[in-house]
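Order of the sequence lines sets the chain letters (A, B, ...), proteins ahead of strands, with each chain counted from 1. The structure presented is a predicted model; accordingly, all values stated were derived computationally and were not measured.
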Amino acid sequence: AVRAPAWPGLSAPCLCRRERVRAMFYHAYEHYLESAFPYDELRPLTCDGQDTWGSFSLTLIDALDTLLILGNVSEFQRVVNVLQEGVDFDIDVNASVFETNIRVVGGLLSAHLLSRKAGLEVEAGWPCSGPLLRMAEEAARKLLPAFQTPTGMPYGTVNLLHGVNPGETPVTCTAGIGTFIVEFATLSHLTGDPVFEDVARKALKALWKNRSDIGLVGNHIDVITAKWVAQDAGIGAGVDSYFEYLVKGAILLQDKELMSMFLEYNKAIKNYTKFDDWYLWVQMYKGTVSMPVFQSLEAYWPGLQSLIGDVDNAMRTFLNYYTVWKQFGGLPEFYNIPQGYTVDKREGYPLRPELIESAMYLYRATRDPTLLELGRDAVESIEKISKVDCGFATV
Amino acid sequence: SCSRAKDVTMPAKLPVSFFSTSSPVVDLFRGQLDYAEQLRQDSEIVLYFFYAPWCGHSIAAREEIERVASRLSDQVLFVAVNCWWNQGKCRKQKHFFYFPVIHLYHRSFGPIEYKGPMSAVYIEKFVRRVMTPLLYISSRSKLLDFLSNYEPGVVGFFEFNASPQPPGYLTFFTSALHSLKKDYLGTIRFGVVTDKRVAEEISLVHSGSVYLHRHANTSLIYPKDIMNFTAENICKWALENREMLIRWLRPHGGKSLLLNNELKKGPALLIFIPYNPLEEIHPLLDEITKVALEYHKCNKSQAAEPALQHIGDPDSPAFDSSVPDAQVKFSETFPIAKYPCCNTVVLPQWHSISRTHNVCELCVNQTLGVKPNKVHVPHCNFLEIEAALDSFYLQEHTFFQVISNTIECSNFLSFYSPFSYYTACCRTVNRHFLSFISSEKTIFQTPKVAFSSHGKKDNTQFSIPHIEDRNCFIPDLNISSTNITGLSCRTNKTLNLYLLDSNLFWIYAERLGASRSTHLKEFAAIVDLKEEVHYVLDQNQSLVGPTLENFIKNFSVLYSPLKRHLVDDPSVHFPEERVVAEVTTNTFHETVFLSAKNVLLLYYAQWCGFCASLNHIFIQLARLLPPDSFTVARIDVTRNDLPWEFMTDRLPTILFFPHQRKEQSVKFPEDFSVNLPNLLKFILHHSSLSSSEPCTKECLHKESVLQQGHISHLEREIQKLRSEISALHQAHDQLEAQLSEARREEQRLQQQKHTLEKQHKTLQLHSDQLQATYDQKNQELLEMAEKLQELADASENLLKENALLRILVASRGGKLQSKDEIKEHLQSEQTLSEDDISLSTATAPLEEKRIDNIDTIETEHSSGNRTE
């Protein structure tokens, strides 16, 4: 059933590696189907499944577009049918607004938009109608209650059945507020209901308004009072996808306002947090360095820079990050830059894709063979270090 | 994203062997560092290969190490240590930032870290150098070989006859090993001489002296009295004082500013050659070394005898003896080099059979006469040179006769400026005699100066071809017009020379435009980072000394004939007609300018997110527009260079080239959002103009913008002239003022003269008057004198009479009567003299006094008259 797309002009070792990556995917995917479905995620060491972000067979939704990229149309079609029958959002589950959006809404939307390309029969009116789109819309509507705050910034968690729980903490991480525009704007454009894009924009604007005098945003904010609770500013955990969505939203919507917001942030970030092509954590009001660490989540940044054409800086930062990979065979969650070693209790590598994504963007921009080396290294080390019988485990 | 917790863990898997059991490499995959140390005792040379089993680089290097090991296993012990296994000693003791790490030990000396390319030949070469860090130089010829290498060489002289090991030898040996630690900064070769006679060649007399050879500068002898004779010091000294004629560049693939730092130093000549470090001889490298040596050889030949340069050059044709003279004369009499605006013009041949032609150096000489002070003279303007050429053409015929072997100069005025004139210095040269060098600066450049074509073909009057008919005079491109010897010091575009191994870094060559199809991986390019250009040596020419020399020369001359190389994306294929055509550097002209269609061109780049999201609009647009009159195309400007005028600094950029007016391309306005209706409106608006009317407001506007440049230049010219005029006016006014001043002065003088004359006259009058009074007085005096004379006479008479009387008195004492008579007579006499009434009955002495008195008065009078 697997149909490999034709790639003329590729050398044999390249094709061989491609097969290896494909095998790695199926190793994980098949074990998920076998041992964990219909739970959200596979636990590779115990060979069972668990619900982590809700109960929507999350891995399956996440893997939809990968199936298409690998050219496995039949499996894609099968999964679409399974999801239509099996996934129900009318459940009494407390779900992360952020994760549900990026994984469920995002996954369903991309699958919906790709479905015609995949050879699926689409109904009349596609792309403005379709079962996957309806599912995405349903999921997104379950998230809307979270946005009912005085500031327009959403709560972090919402009950899919009852809305925001009474007594829910109003503290949300910055990324949890600013990571909606891509999915929600797409949804609004496809369904014609502007409410999604409106709430996403309102949340973005609220963040923009609450940035510090030196132009930085912190890590966590109270969505009722708009007070910053965690005042560490940086590009990594808690903030990362906010910046990412500003750029990608600007590109998707050809929106100058979003872009100018990002460029302002970019200026402040370069000014206060950049040292020798590393990006550190600083106090958002004073700009003083609070943590001289590199977080594995920050590795998306070079890719983002390359999207706006700052390829030189992107490459330099990427090579910094790559040295960390070369040291450990993966990126530790926290890496202390002055000490040149991992931070205690933060040595783990949960197989995050950020650095590899950046390498992909940069390779498209530069075709630098060093970037292919990272690809090779990633395959080698993930297989050597984290592969277990039932999949791939966090190390 | 926000993180989460996890619970279950599993210990890491046990390590397995990394090398196969049959491999000559000892694989300590459990990281037994202590055992590795033990093994070191067994062998003189040991290579440690520290790896991590997951590391891609280690995996790639494994094969290379095995290859080296299989060749050297009888002399070197190869030990691989897994430095990742967390229970192993290695992981606990060593702290590596990358893998693999290669350490070498020469007996107890080490570790020497190998930092070169992970390729078997390079590793093997390095291991061999660790095995024999010193080269034994036995003979004179070997010494010459050793010293003529492009890499710096250090020679130590040690006499082995006295003791088993002369003092200092071990230190020298260790310093050679030390230098290997720094080898990645540039190789320094160490050699040892034991023969006294060989040592004398490099003036080493005492055993234990160390010599650093240098080509361009003077060689050095290690200053033992200043620095301690230690291995580190020798190594440091050699590193600091070495000269690098050519440098190998080996970017290591990680974050490095190597290329950037080197290219920032100035224009760089990058030479890509396939290099096998194990080979004994490298003929191509030797040739390149020779070129580099020539290029850098400045101080010796130039300082001593500049004229000898070409005579000494075996390649240049024989010169007659007049040449050096002419040259000296030239540089003395015509300091043309002072003026920046010069251009060399080669006049066409007098007769086609003649082997001579005239070469002229045309210079714009600005304001050598009166210099208007306010005028800013731009350094050198192309338009000025053009104007100079224009007026030169008009006078062309005057330069056609065979002039002479020496230089003759003539000046002619510029069209409109009285202040600047052109100088043309011409001489007739034989055809194969174009080498012409002044000691300071190359005055006559290559004859192949690229003129902008004027299309002037007014050669009817004379049956000689026009200068710009280039086909009638095609100079032999291989004629060496400048000499490479010491060129690096004579040009202000000095090149740094670099070598790259094309086996490892061919990708750089490809990026610079080397063709991918060639199997001969030789390539040379000059990269000028500051000018943002690079030039490429034609790959059809083989990379040998002379072509390289020519390449360097062509770069160095003032008007370089090299063309900026435009890199083209070779990966673009045209399998079938695409909806949106992909344009490359090579197809740009054809697709955009030669096609009889309207062309809409999108500038994009792979990285450009904002460009990618326009793709669907362009595809739609291409489907909408009739394909027989519209082309929708795009160009990836990061992979395809275009001439500067077609480049953009902003992505995405959309340009529209309307049919039949391709030169009037229009840019899609930046502030409009790019969508189908806007694009269509834009296209229709600009394409419809063509048929109905040739030019509308907008196009006129464009036209005017185009003219702006020219106008502004002319305006500047006018301004210059104006200020010249005003300067003249000022000078005129000044002159006028001075003139009137002078006139006034004259008048004043005249007046003065008049008054003086008047004064003179009055004075004359006065003097006349005085003269008259003087005369009168004189007269009076004379009269007076006469009267006095008379008086004196009378008084004399009287005295006589008196005497007579006295006699009478005496004689006739008593006769009273007669006495009275005499008295009466005397009284009558007194009234006669006007002057003195008081002159009474005076006696004779009284009378005499009186006369004296009158005399003094007279003298006073005359002196007073004189003073007046």
Student: If you measure from NE2 on B:H252 to OG1 on A:T370, what distance do you get to the nearest 0.5 Å?
Tutor: 10.0 Å
Student: Please list, in residue-number order, every residue in residues 609-616 of chain B that has a heavy atom less than 4.5 Å from any heavy atom of chain A; write 'none' if there are none.
Tutor: B:G609, B:F610, B:S613, B:L614
Student: So for A:N219, is it side chain, backbone, both, or neither that comes closer than 4.5 Å to the heavy atoms of chain B?
Tutor: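 Contact with chain B involves no heavy atom of A:N219 at all.
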Student: Would you please name every residue forming a ring pair (Phe, Tyr, Trp, His ring centres under 6.0 Å) with A:W278, sequence neighbours left out?
Tutor: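 So A:W278 forms a ring pair (Phe, Tyr, Trp, His ring centres under 6.0 Å) with A:F294, A:Y321.
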Student: In the structure I gave you, are the side-chain heavy atoms of A:W325 and B:Y98 within less than 4.5 Å of one another anywhere?
Tutor: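 No, every pair of side-chain atoms sits at 4.5 Å or beyond.
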Student: Any idea which heavy atoms bring A:L45 and B:M10 closest together, and the distance?
Tutor: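 Heavy atoms of A:L45 and B:M10 come nearest at CD2-SD, 3.6 Å.
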Student: Just to verify, what does B:F50 make a ring pair (Phe, Tyr, Trp, His ring centres under 6.0 Å) with, not counting sequence neighbours?
Tutor: B:Y48, B:F96, B:H103
Student: In Å, rounded to the nearest 0.5 Å, how long is the span from SG of B:C608 to CG of A:L307?
Tutor: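 If we round to the nearest 0.5 Å, B:C608:SG and A:L307:CG are 9.0 Å apart.
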Student: Chain B: which of A:V388, A:L252, A:I385 shares the most heavy-atom pairs with it under 4.5 Å?
Tutor: A:I385
Student: More than 12 heavy atoms of other residues, nucleotides or ligands under 6.0 Å from CD of B:E63: yes or no?
Tutor: no
Student: Of all the heavy-atom pairs spanning A:G340 and B:H95, show the shortest one and how long it is.
Tutor: O-NE2, 3.8 Å
Student: Heavy-atom pairs under 4.5 Å with chain B: which of A:V379, A:T366, A:T323, A:T46 has the most?
Tutor: A:T366
Student: For atom CZ of A:R20, decide whether the heavy atoms of other residues, nucleotides or ligands shown that lie under 6.0 angstrom number more than 12.
Tutor: yes
Student: Quick check on B:K667: does its NZ atom have over 12 non-hydrogen neighbours (other residues, nucleotides or ligands) under 6.0 Å away?
Tutor: yes
Student: State, to 0.1 Å, how close A:A365 and B:W607 come at their nearest heavy-atom pair, and which atoms those are.
Tutor: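 Minimum heavy-atom contact is CB-CB, 3.4 Å.
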Student: Using heavy-atom distances under 4.5 Å, tell me whether A:V324 contacts chain B through its side chain, its backbone, both, or neither.
Tutor: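 Contact with chain B involves no heavy atom of A:V324 at all.
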Student: Can you say whether A:A314 sits under 4.5 Å from chain B via the side chain, the backbone, both, or neither, judging by heavy atoms?
Tutor: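 Neither part.
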Student: Taking everything shown except A:D389 itself, do over 12 heavy atoms lie less than 6.0 Å from its CG?
Tutor: no
Student: Determine whether A:D276 and B:K255 make a side-chain contact, defined as any pair of heavy atoms from C-beta on separated by less than 4.5 Å.
Tutor: yes
Student: Which one, A:R364, A:E380, A:R376, leads in non-hydrogen pairs under 4.5 Å with chain B?
Tutor: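 Greatest number of close heavy-atom pairs with chain B: A:R376.
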Student: Hey, which residues of residues 51-59 of chain B are touching chain A, say heavy atoms under 4.5 Å apart?
Tutor: B:P53, B:W54, B:G56, B:H57, B:I59
Student: Could you tell me which non-hydrogen atom of B:R91 sits nearest to which non-hydrogen atom of A:Y341, and how far apart they are?
Tutor: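 Minimum heavy-atom separation between B:R91 and A:Y341: NH2-OH, 4.2 Å.
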Student: Quick one: closest heavy-atom pair of A:R367 and B:R511, and the distance?
Tutor: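 Closest pair (atom of A:R367, atom of B:R511, distance): O-NH2, 2.8 Å.
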Student: Count the heavy-atom pairs under 4.5 Å between each of A:K248, A:E373, A:M315 and chain B, then report the option with the highest count.
Tutor: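 Of the candidates given, the most pairs with chain B belong to A:E373.
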Student: Do B:K13 and A:K384 come within less than 4.5 Å of each other through their side chains, counting heavy atoms only?
Tutor: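 Not in contact.
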Student: Given a strict heavy-atom distance threshold of 4.5 Å, which part of A:M259 is in contact with chain B: side chain, backbone, both, or neither?
Tutor: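 It is the side chain, since no backbone atom gets that close.
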Student: Looking at B:F97, I'd like to know if its CZ atom is crowded, meaning that more than 12 non-hydrogen atoms belonging to other residues, nucleotides or ligands lie closer than 6.0 Å.
Tutor: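 Check passes, neighbour count above 12.
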Student: What option among A:Y242, A:F328, A:Y361 has the most heavy-atom pairs under 4.5 Å with chain B?
Tutor: A:F328
